Number of protein chains: 2
Amino acid sequence: MSAKRNDFNHRPTIYDVAERAGTSYATVSRYLNGRSGVAASTAKRIEQAIKDVDYTPSAAARSLAQQRTHLIALIIHARSEDIITDPNIMQIIASANARVTREGWQMVTLMSENDGESRANIERLVSGGFADGYLLYTMEEDDPLLPLFERRSMHAVISGTGYRQQPPFVSVDVDNTAAMSELIRYVLTGETHSAGDGADDADTTGTTTAGDATAALRRTRPAYICGPLNMPGAPERLAAFRAVTGELLPDSADSLPVHYAADWKTTSAAAAVRAWAEDGTLATRDAIICANDTLALGAIEELHRLGYDVPGDVAVSGFDNSSAATSITPRLTTVDQHMERRGWVMAGLVIDQIRDTDKNGDGNGDRNASADDAGNPDDAGDAPSKTVMLATDLVIRESA
Amino acid sequence: MSAKRNDFNHRPTIYDVAERAGTSYATVSRYLNGRSGVAASTAKRIEQAIKDVDYTPSAAARSLAQQRTHLIALIIHARSEDIITDPNIMQIIASANARVTREGWQMVTLMSENDGESRANIERLVSGGFADGYLLYTMEEDDPLLPLFERRSMHAVISGTGYRQQPPFVSVDVDNTAAMSELIRYVLTGETHSAGDGADDADTTGTTTAGDATAALRRTRPAYICGPLNMPGAPERLAAFRAVTGELLPDSADSLPVHYAADWKTTSAAAAVRAWAEDGTLATRDAIICANDTLALGAIEELHRLGYDVPGDVAVSGFDNSSAATSITPRLTTVDQHMERRGWVMAGLVIDQIRDTDKNGDGNGDRNASADDAGNPDDAGDAPSKTVMLATDLVIRESA
DNA sequence: ATGAAAGCGCTAACAG
DNA sequence: CTGTTAGCGCTTTCAT
């Protein structure tokens with residue numbers, strides 16, 4: 001019954017190996033999975049037989065039998081256009097992939113545009129048990145995958161902006177508000193006191209009053225170029241601008257020019273600057289805070305075109321510390337949010353979840369993972385830390 | 001025997017649906033696969049039952065049973081660093097994904113760094129029948145996946161530079177030599193006669209002699225910044241520089257400065273320019289041809305830093321027509337290789353292969369596909385066109 | 001240490 | 001039109 005598949009040219013199966021090794025396929029299976037109980041001599045023969053017939057186990061059969069795919073899927077859920085222009089996505093993919101590989105799993109990336117069909121495909125895939133764990137980087141409002149993940153109680157870690165109300169999943173993010181606040185504060189005051197991590201600002205004793213601060217300001221007439229509000233971080237960064245200017249420039253804060261860009265493209269920022277130049281706003285500005293590096297790039301280019309000096313006439317700041325930040329003159333003052341860590345940490349978190357569940361045999365082990373990568377190495381962390389905040393760094397260069 | 005799985009909380013199977021619909025699971029299967037022979041009334045009940053139990057077929061079981069995964073895998077095989085900095089990869093991924101989706105398949109992307117382990121993982125996956133077809137974008141010399149694909153006679157379409165000798169696979173590429181030649185010719189002569197597509201230059205009758213041409217040249221002292229020679233297009237583009245200067249500048253061609261950059265980063269180009277400035281070379285140049293836009297960007301930035309005017313003092317050209325090409329001042333004269341088409345075409349080709357094989361039931365249908373997307377709509381093309389050349393466009397702007 | 005046998009969840013003839 | 005019966009290729013008890 002063993003060599004039933006005598007087809008001419010077919011993919012070799014475990015039966016073929018068994019037959020050639022002169023043993024039963026059960027033993028071959030044991031050997032393949034590194035189980036104990038395979039005589040050294042038999043192992044040798046099996047090993048040779050595998051080479052002889054050029055055998056590789058079928059992924060599908062294996063998945064079906066052991067209810068495990070050994071796959072971690074990274075799902076990018078956004079408009080195709082945003083995916084292409086987002087300079088961070090590749091970093092997330094690459095770093096997640098590195099971590100997943102290191103932990104002994106295989107990562108695959110799924111791209112889902114936000115059209116109904118594409119979304120439905122992904123949903124079927126997920127429901128069909130395509131992977132053992134999911135990393136979701138989303139920009140879809142109220143991402144429909146979230147309820148799905150929950151219903152099927154799947155292992156998932158999310159990041160992006162597709163979740164309004166805090167979902168029952170571990171998420172990874174940076175504190176955009178704190179980071180942008182620190183940056184703006186620096187642009188306006190020239191000071192870089194990273195006092196307190198925002199965690200406990202209750203004990204910030206000798207706070208300088210707004211009045212005192214204003215006196216010392218380097219820049220007092222900032223404008224803000226905001227990114228698309230449905231994209232990661234954009235709303236938080238805008239809020240930071242509002243908050244810091246409200247504190248430091250209480251009189252003018254409400255009337256500060258803010259441009260709402262429809263995308264993260266340089267051209268959008270350039271258009272904003274041009275518009276401000278035409279309506280006279282630009283002449284009254286001494287700083288332009290941009291929601292990210294690309295916008296800053298466009299702003300600087302346009303300022304140059306219009307004959308302005310940066311930062312002489314007007315300071316410009318970015319956000320991301322992308323490669324472009326150092327390729328322009330003047331080099332960009334910005335915030336490094338270490339995107340190369342994002343995927344790495346996310347991957348670590350899902351894998352932890354999966355391993356935990358495996359260990360606590362019970363199928364309902366809570367999905368909270370220890371954030372051992374997030375800077376605070378509380379390894380045995382049983383705290384229900386639902387969202388892991390990654391550290392950012394203020395990067396001071398010439399543009400502001 | 002039907003409702004054997006009375007576990008508390010388990011993924012519903014086709015049995016659960018059948019039981020609830022009061023029919024056999026075979027009928028449910030028929031319904032699911034749109035086979036004929038399901039009474040309308042039964043269909044209704046099944047449909048309802050599926051909703052009731054929230055059923056989705058298991059991907060693994062389905063794959064195993066019908067020996068088809070309905071997956072097309074795009075494999076990116078390169079060093080992690082190159083992947084992150086390659087501005088084209090996302091476009092390939094996105095466009096391939098769009099096409100695959102449109103054709104009714106699911107695309108997944110696999111990233112394989114060139115370390116042994118990562119490579120081995122991919123090889124096991126492929127051998128294990130992970131996907132029905134593969135798109136390989138590779139920068140690995142003599143990519144080890146190629147022999148694998150051949151041994152297992154898998155459907156694959158490749159692109160990149162990981163294949164030295166023409167492999168037995170359909171490949172997609174652009175004619176780097178022709179495109180770069182046209183660009184350089186334009187930079188030097190100002191002429192844009194795209195005479196003949198390089199296909200038949202035999203009948204180019206009134207060819208201007210080298211002597212005549214030199215007299216009309218706008219630029220006569222070009223330098224070249226070359227990309228890493230193991231990367232897609234780099235060698236061909238360099239060859240184009242050699243060829244065109246050899247023809248147009250026969251006297252000086254051999255002594256033209258060429259810098260071999262180790263990567264595609266702006267900083268590398270900037271360093272090259274700086275070095276040329278220091279050793280006096282730069283003062284003698286009136287044009288810098290760069291192997292891609294990023295390098296051109298770095299060159300221009302550095303030229304500006306050094307007080308040179310572009311294109312006044314020295315013309316600079318790029319290659320790719322990336323988004324950066326229009327964000328810098330002066331905007332880049334470059335070549336558009338329409339990367340957004342690359343993935344689209346590749347995907348179309350594998351899917352054609354798969355469908356063809358399905359049709360000609362014989363398992364050895366030749367893998368040649370018709371290049372119906374490549375511009376020449378020879379749909380019924382049975383020609384063994386192993387490599388599909390995509391069209392490029394010279395994009396003339398201000399920098400050269 | 002190893003073989004036999006029973007699934008994993010679904011598809012695909014083959015009979016009714 | 002629908003149920004029965006074999007598999008798909010591998011894992012996993014349970015005996016031996």
Side-chain angles (χ1 to χ4, degrees), chain A residues 1-7 10-19 21-46 49-50 53-70 124-125 127-130 132, chain B residues 1-7 10-19 21-46 49-50 53-70 124 127-130 132 361:
Chain A
M1 190 73 77
S2 43
K4 60 173 73 142
R5 315 197 90 292
N6 264 359
D7 310 34
H10 211 296
R11 206 143 91 52
T13 75
I14 200 173
Y15 295 94
D16 300 317
V17 175
E19 180 179 59
T23 177
S24 80
Y25 55 86
T27 304
V28 176
S29 178
R30 284 194 200 90
Y31 169 84
L32 287 171
N33 296 290
R35 295 290 168 75
S36 63
V38 180
S41 58
T42 324
K44 277 272 179 254
R45 290 192 341 265
I46 294 179
I50 288 179
V53 302
D54 192 13
Y55 168 80
T56 311
S58 148
R62 186 183 271 253
S63 300
L64 178 58
Q66 62 186 11
Q67 300 292 59
R68 240 185 183 18
T69 63
H70 304 287
R124 274 205 299 86
L125 224 54
S127 299
F130 174 74
D132 295 338
Chain B
M1 189 74 76
S2 44
K4 60 173 76 142
R5 313 199 90 294
N6 264 359
D7 310 33
H10 211 296
R11 206 143 91 52
T13 74
I14 200 173
Y15 295 95
D16 301 317
V17 176
E19 180 179 58
T23 176
S24 80
Y25 56 86
T27 305
V28 176
S29 178
R30 283 193 201 90
Y31 170 84
L32 287 171
N33 296 290
R35 297 288 170 75
S36 64
V38 180
S41 59
T42 323
K44 276 271 180 258
R45 294 201 328 273
I46 293 179
I50 289 178
V53 302
D54 192 13
Y55 168 79
T56 311
S58 149
R62 186 184 271 253
S63 300
L64 180 58
Q66 61 184 14
Q67 300 293 61
R68 241 187 182 14
T69 63
H70 304 286
R124 275 205 299 84
S127 298
F130 174 73
D132 294 339

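By convention in this document, chain letters (A, B, ...) are assigned in the order of the sequence lines, proteins followed by strands, and residues within each chain are numbered from 1. Below, each value reflects all heavy atoms present in this structure, side chains not excepted, and no hydrogens, waters or symmetry copies. These numbers were taken from a predicted model, which means no experiment stands behind them.
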Atom-pair distance (CD on B:Glu19; P on C:dG9), nearest Å: 14 Å
Check: B:Arg45 side chain, B:Ala21 main-chain N or O, donor-acceptor pair, under 3.5 Å: yes
Minimum side-chain heavy-atom gap B:Tyr55-B:Ile14 below 4.5 Å: yes
Closest heavy-atom pair and its distance - B:Pro12, B:Val53: CG-O, 3.3 Å
Terminal helix-axis angle for the helix from C:dA1-D:dT16 to C:dG16-D:dC1, with five pairs defining each axis and rounding to 10 degrees: 40°
Interatomic spacing from OG1 in B:Thr69 to CZ in A:Phe130 - rounded to 0.5 Å: 9.0 Å
A:Tyr31 OH to D:dC10 C1', straight-line distance once rounded to whole Å: 17 Å
Rounded distance in Å - CZ (B:Arg35) to C1' (D:dG3): 16 Å
Any A:Arg62 side-chain heavy atom under 4.5 Å of A:Asn33 side chain: yes
Atom pair OG1 (A:Thr42) and OH (A:Tyr31), whose distance is rounded to the nearest 0.5 Å: 11.0 Å
Distances for protein N or O near nucleotides 1-3 of chain C N or O, under 3.5 Å:
from	atom 1	to	atom 2	distance (Å)
C:dT2	OP1	A:Thr42	OG1	2.5
C:dT2	OP2	A:Ala39	N	2.7
C:dT2	OP2	A:Thr42	OG1	3.1
C:dG3	OP2	A:Thr23	OG1	2.6
C:dG3	OP2	A:Ser24	N	2.7
C:dG3	OP2	A:Ser24	OG	3.0
C:dG3	OP2	A:Thr27	OG1	3.1
C:dG3	N7	A:Arg30	NH2	3.1
C:dG3	O6	A:Arg30	NH2	2.2

Whole-Å gap separating C1' (D:dT2) and CD1 (B:Ile14): 14 Å
Any donor-acceptor pair under 3.5 Å from A:Thr56 side chain to B:Arg124 backbone: no
Which atom of B:Val38 lies closest to which atom of B:Arg30, heavy atoms considered: CG2-CB, 3.8 Å
B:Arg11 side chain near B:Ser58 side chain, heavy-atom distance below 4.5 Å: yes
Phosphate OP1/OP2 of D:dC10 contacted by A:Ser29 side-chain N/O (<4.0 Å): no
Check: A:Ala59 main-chain N/O paired with A:Ser63 side-chain donor or acceptor under 3.5 Å: yes
Sub-4.0 Å heavy-atom contacts from residues 55-68 of chain B onto DNA chain D, ordered by number: B:Leu64, B:Ala65, B:Gln67
Distance (rounded to the nearest 0.5 Å) between A:Ile50 CD1 and A:Asp16 CG: 11.5 Å
Interatomic distance, B:Phe130 CZ vs D:dG9 C1' [rounded to whole Å]: 18 Å
Rounded interatomic separation in angstrom, taking CD1 from B:Ile46 and P from D:dC1: 13 Å
